[in-house]
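Below is one structure; the comments refer to it alone.
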Amino acid sequence: MSENLIELKNVRKEFVTAKHYPGFKGAVKSLFSKEKIRKTAVDNVSFAIKEGEMVGYIGSNGAGKSTTIKMMSGILTPTSGSCLVNGLEPYKERKKNAKNIGVVFGQRTQLWWDLPLGETYTVLKEIYEVSDQDFTERMAFFQEVLNLQDFMHSTVRTLSLGQRMRADLAAALLHNPKVLYLDEPTIGLDVVVKDRIRQAIREINQKYNTTVILTTHDLNDIEELCQRIIIIDAGKKIYDAKLNQLIKDYGDSCSISFEWKQRPNALQMEKLQMEKTQMEKTQMESQQNLGGKLEMHINESNVQVCFSKKEFTIAEVFAKIMGLIDVKDVQIKETELTDIVKRIYQGNKGNQV
């Protein structure tokens with residue numbers, strides 16, 4: 001038995017559609033044409049996920065995230081390759097697979113609009129054949145971590161977006177699935193509700209060892225929840241590593257802004273300009289040798305230094321600048337996950353050219 005709960009090997013998904021032509025003549029031509037358009041949504045993607053992992057699966061719109069999730073949940077059949085979830089091929093054994101998975105889509109709901117929320121859970125209990133003891137235990141847990149009690153007797157159609165998302169999360173987990181697929185679970189939610197849902201997902205993972213696959217455009221969700229990140233672009237996997245490794249590989253850039261007490265005099269400005277020239281020279285040498293980055297920008301109210309922590313420490317930069325000017329305030333900005341992902345995308349686009 002494999003130690004991996006989910007295994008994808010060279011999975012490929014192609015969609016074939018009839019070719020359509022513009023205009024009235026084109027519409028008539030389309031009726032008789034046998035030309036087809038073949039589009040590759042997922043292109044030979046492979047990865048393995050262990051039980052209990054929380055993985056961020058991210059990419060731009062149309063990158064192939066949802067298509068991959070649909071193949072893992074059994075909705076779509078791969079064109080080629082192998083997809084196994086808990087030892088099952090999802091598209092061949094959909095009923096068995098459905099008992100192993102829970103799915104939450106930010107834009108859709110699995111709840112019945114006209115039923116009170118409590119009755120919805122009772123229906124799901126019977127569908128998934130959850131025992132009375134397990135149902136009571138899990139509902140008590142969901143009440144605690146998701147605060148459902150205030151709207152348990154309200155019909156689903158009357159719930160706010162935040163309430164519905166919490167209710168959907170409980171519904172997806174009622175049968176204690178081994179895998180939870182979350183597609184934009186915090187979309188459109190306010191900060192307080194987002195934080196509550198993230199905390200609930202963490203507690204559910206810790207209590208039940210639930211494997212979580214999270215697709216989202218909100219990278220704060222990834223930072224808060226995931227230990228690993230997989231990036232997909234144009235159907236291809238372009239990065240797969242632990243989150244801390246991602247920061248280590250790409251999070252080396254740092255920016256420090258030194259706000260001065262009073263504008264530097266002519267001599268100080270001259271020294272700053274000389275230091276800037278020296279830094280630019282160092283930058284060129286670094287790019288030839290180590291790929292480093294070091295820049296200085298002198299503005300009206302401050303001087304900003306951008307550098308690579310692989311080559312220069314914050315203390316070294318502090319010593320350089322504070323020896324030249326009187327500093328009033330300092331702001332340090334580390335590389336954010338958004339910037340890192342953007343950098344990976346840009347590098348991937350460059351490799352494709």
Side-chain angles (χ1 to χ4, degrees), residues 56 58 60 186 190-192 194-195 198-199 216-229 231 233 238-239 241-351:
I58 66 174
S60 57
T186 62
D190 62 53
V191 176
V192 174
K194 278 186 179 183
D195 187 61
R198 289 168 184 161
Q199 181 61 32
T216 179
H217 289 290
D218 187 346
L219 294 182
N220 288 324
D221 288 346
I222 302 294
E223 288 185 290
E224 291 283 338
L225 295 171
C226 300
Q227 303 98 13
R228 176 180 166 197
I229 185 170
I231 303 177
D233 186 39
I238 61 174
Y239 194 85
K242 297 289 185 181
L243 191 58
N244 56 5
Q245 184 63 44
L246 177 73
I247 302 298
K248 183 178 178 181
D249 289 344
Y250 292 93
D252 57 297
S253 298
C254 184
S255 172
I256 305 179
S257 176
F258 299 89
E259 182 183 352
W260 44 61
K261 290 182 179 179
Q262 58 184 20
R263 187 171 178 79
N265 57 37
L267 180 60
Q268 288 174 316
M269 288 296 289
E270 184 180 349
K271 288 182 178 180
L272 278 172
Q273 290 292 347
M274 290 174 63
E275 191 64 56
K276 178 180 179 182
T277 301
Q278 182 60 39
M279 286 182 171
E280 289 173 345
K281 181 181 177 181
T282 304
Q283 178 192 3
M284 292 179 64
E285 293 172 352
S286 297
Q287 287 179 335
Q288 291 172 358
N289 298 316
L290 300 174
K293 176 182 179 181
L294 181 57
E295 296 178 349
M296 178 191 291
H297 304 283
I298 302 173
N299 307 306
E300 286 296 319
S301 60
N302 61 39
V303 56
Q304 185 179 36
V305 183
C306 303
F307 61 98
S308 168
K309 291 188 292 185
K310 290 181 180 178
E311 298 184 21
F312 302 93
T313 66
I314 292 177
E316 288 173 334
V317 176
F318 262 70
K320 279 180 177 290
I321 302 304
M322 297 187 75
L324 298 176
I325 60 174
D326 294 326
V327 176
K328 177 183 177 182
D329 193 15
V330 176
Q331 290 184 336
I332 301 175
K333 182 182 178 183
E334 303 277 356
T335 307
E336 295 181 353
L337 183 59
T338 304
D339 300 324
I340 294 174
V341 172
K342 193 182 298 182
R343 181 176 165 188
I344 293 173
Y345 276 139
Q346 290 171 344
N348 186 58
K349 298 296 183 186
N351 292 335

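Everything quoted here is computed from the prediction, not taken from an experiment.
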Looking at every heavy atom in both [X] and [Y], which two are closest together, and how far apart are they?
X    : Y    : answer
W260 : V303 : CZ3-N, 3.9 Å
R228 : A241 : CG-O, 3.4 Å
R198 : N220 : NH2-CB, 3.6 Å
T216 : I58  : O-CG2, 3.7 Å
C254 : I332 : SG-CG2, 3.8 Å
G56  : C226 : N-SG, 3.4 Å

Quiz item: For Q199, does the CD atom sit with more than 12 other heavy atoms under 6.0 Å from it, leaving out its own atoms?
Solution: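 More than 12 heavy atoms, drawn from other residues, nucleotides or ligands, come within 6.0 Å of this atom.
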Quiz item: Quick one: side chain to side chain donor-acceptor pair (under 3.5 Å) partners of S301, sequence neighbours excluded?
Solution: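 In terms of side chain to side chain donor-acceptor pair (under 3.5 Å), with neighbours along the sequence ignored, S301 is linked to no residue.
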Quiz item: Would you say the side chain of N302 lies within less than 4.5 Å of the side chain of F258, judging by non-hydrogen atoms?
Solution: no
Quiz item: Are D233 and I231 side-chain neighbours, meaning at least one heavy-atom pair lies under 4.5 Å?
Solution: no
Quiz prompt | Passing candidate, side chain to side chain donor-acceptor pair (under 3.5 Å) with S255, options H297, Q304, Q331 | solution = Q304
Quiz item: Between atom CD of Q227 and atom CD1 of I222, what is the distance when rounded to the nearest 0.5 Å?
Solution: 11.0 Å
Quiz prompt | Nearest-0.5 Å distance, CD of residue E223 to CG of residue L225 | solution =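 Taking CD in E223 and CG in L225, the distance rounds to 10.5 Å.
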